[in-house]
**Q** 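Supplied in C-alpha cells, the structure appears directly below.
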Amino acid sequence: MGQFVFTLVAMLPLHLFGLLKLEPLSGRVVSLAGPLSILFLVDVLCSLAATQRLSLPMFTVLRRFAIPMTMLLEKAWGQATPPRLVQCE
C-alpha cells in the first residue's frame, strides 16, 4: 500500500510544477487504467499473503531463483536478450 501512496505523493508535486502532465480524471481514463490497477492490487495482496506462509529459507530460494528464471523465459518467449552485464550479475 505504501507504493501506491508514494506514487501519488511523488506525482502530485511534479504535476503542480508542470514537470508531469496528467490527464484529467474522466470515465475514459478510469476505464483504461482501472482494470490494470485492480489486477496490480490483487497481485500485490496475493503475493503478500503467499509470502507470509513461507519459511525464510524457502523465501530466499524463491527470490534468488526468480530473476534467472524470468531472464530465461523472456529469452524463450519474448525473444529479448538482456545485456551481458545484466546476465553476469
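Computed over heavy atoms, backbone and side chain alike; hydrogens, waters and symmetry mates excluded.
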**Q** Same hydrophobic cluster for Leu72 and Val61, using side-chain heavy-atom links shorter than 4.5 Å among ILVMFWY?
**A** no
**Q** Please identify each residue that fulfils ring-ring contact (aromatic ring centres under 6.0 Å, His included) with Phe59, with sequence neighbours left out.
**A**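 If we apply the ring-ring contact (aromatic ring centres under 6.0 Å, His included) test to Phe59, skipping adjacent residues, there are no hits.
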**Q** Side-chain donor-acceptor pairs under 3.5 Å in residues 5-24, sequence neighbours left out?
**A**
| residue | atom | partner | partner atom | Å |
| --- | --- | --- | --- | --- |
| Thr7 | OG1 | Gln3 | O | 2.8 |
| His15 | ND1 | Leu20 | O | 3.2 |

**Q** Does Leu41 belong to the same Ile/Leu/Val/Met/Phe/Trp/Tyr cluster as Leu48, with side-chain heavy atoms less than 4.5 Å apart forming each link?
**A** yes
**Q** Show me the pairs that pass salt bridge (Lys or Arg N to Asp or Glu O under 4.0 Å) and involve residues 39-65, at least two apart or across chains.
**A**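 Qualifying pairs: none.
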**Q** With a sphere of 6.0 Å drawn around CD1 of Ile67, does it hold more than 12 non-hydrogen atoms of other residues, nucleotides or ligands?
**A**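 Not more than 12 within 6.0 Å, no.
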**Q** Phe40, Leu45: one ILVMFWY side-chain cluster at the under-4.5 Å cut-off?
**A**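 Yes: a chain of side-chain contacts under 4.5 Å links Phe40 to Leu45.
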